[in-house]
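Written out below as structure tokens is the structure these notes cover.
Counting starts at 1 for both ligands and their atoms, following the listed order.
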Amino acid sequence: MSPNILSKAIRIATVATVLGFTASQAFAAAPMAGISAPGYYRFMLGHFEVTALSDGTVDLPVDQLLHEPAGKTVAALHAAFEKAPLQVSDNAYLVNTGKRLVLVDTGAGDLFGPTLGKLIGNLKASGYQPGQVDDIFLTHMHPDHVGGLVENHVIQFPNAVVHADRLEAAYWLSRKNLDSAPDATKAFFQGAMASLDPYVRTGRFRPFDGRVELVPGVSSYPSFGHTAGHTSYMIESEGKTLLLMGDLIHVSAVQFAHPNVTIAFDADPGEAAASRIKVFNQAAKEGTLVAGAHLPFPGLGHLRATGTAYQWVPVDYSRMPAQKPKPH
Ligand SMILES: [Zn+2]
């Protein structure tokens, strides 16, 4: 055997060994990793950087909660390849205007069970620290939006000022309202008070009235009904707009097609439906990008109006623009 033929034979044998080794390894299953990626999604809105933050999901018996026959809800869920209980997202939004770091809603903290309360972890994973947040704007004071303000009574955003509509604060932070509330809803008042009180006591809660520009590029947009002072927020930069609409919708499989259907959490169902339809109409007409706290994460998309119904068009995934290299 010539040296050439010998070396070729050795190469073939080596390749066969490697292939054999690889093939036998393929029969050994890798242990499943089990956890998903951190829940954040980032994009630019004009000059503003927006980060959708997931607080997690919670299973809700929406067939029992929506104000329509349960069979109708189940059929609508089925048509959308979903089922009851529905796994509902809880989203918050972080906006870096370049001058201020603004957080809209704070997730549930420990007020709503172990599948929620992921906001702080996801905020950190996204590259920010809670201490960097300058302003927190609350859509309303239900536990899945204010619970993240504190953990074990300790303030989680040590440098932030918290804001909400004055009507919302007056309702949920009233001792009188807590005392006269039915037992079933007392926990909502207690959750709001426990979350807000540490900020109120240290002079870092500042309510606002109605529709105002709160910081440059961030304005309140009253959309009452879900609660007494439920507020959406309009974010604007370089002619681009994003409307953070909080709890104007909970169940996409039902309420886009039938925006008159309300939910047990709505304090004033009639006003809640009217606010939903008003905001949906305007967003559809103007092509505004909207975000829903309980739409499937990241909860971002556009609305298309067809008669009295709406169609949800979720945003496509997009990359961040290339960063300019830092000067040396
Ligand atoms: Zn909510």
So which of the N, O or S atoms of [X] lies nearest the Zn ion (ligand 1)?
{"X": "D144", "answer": "OD2"}
{"X": "H145", "answer": "NE2"}
{"X": "D247", "answer": "OD2"}

Strictly distance-based, threshold 3.5 Å: is any side-chain N or O of N96 a donor or acceptor partner for the main-chain N or O of G98?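 It does hold such a pair.
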
With ring-ring contact (aromatic ring centres under 6.0 Å, His included) as the test, would you mind laying out the steps for H67 and H258 before giving the verdict? CA-CA 11 Å; H67 295 144; H258 302 285; over 10 Å; no

How far apart are the closest heavy atoms of R276 and N260, and which atoms are they?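 Heavy atoms only, the tightest pair is NH2-C, 4.4 Å.
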
Does the shortest distance from the Zn ion (ligand 1) to an N/O/S atom of H142 fall below 2.8 Å?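 No, outside the cut-off.
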
Which word best sums up how the rings of H226 and H140 line up, parallel for under 30°, tilted for 30 to 60°, or perpendicular for over 60°?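 H226 and H140: perpendicular rings.
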
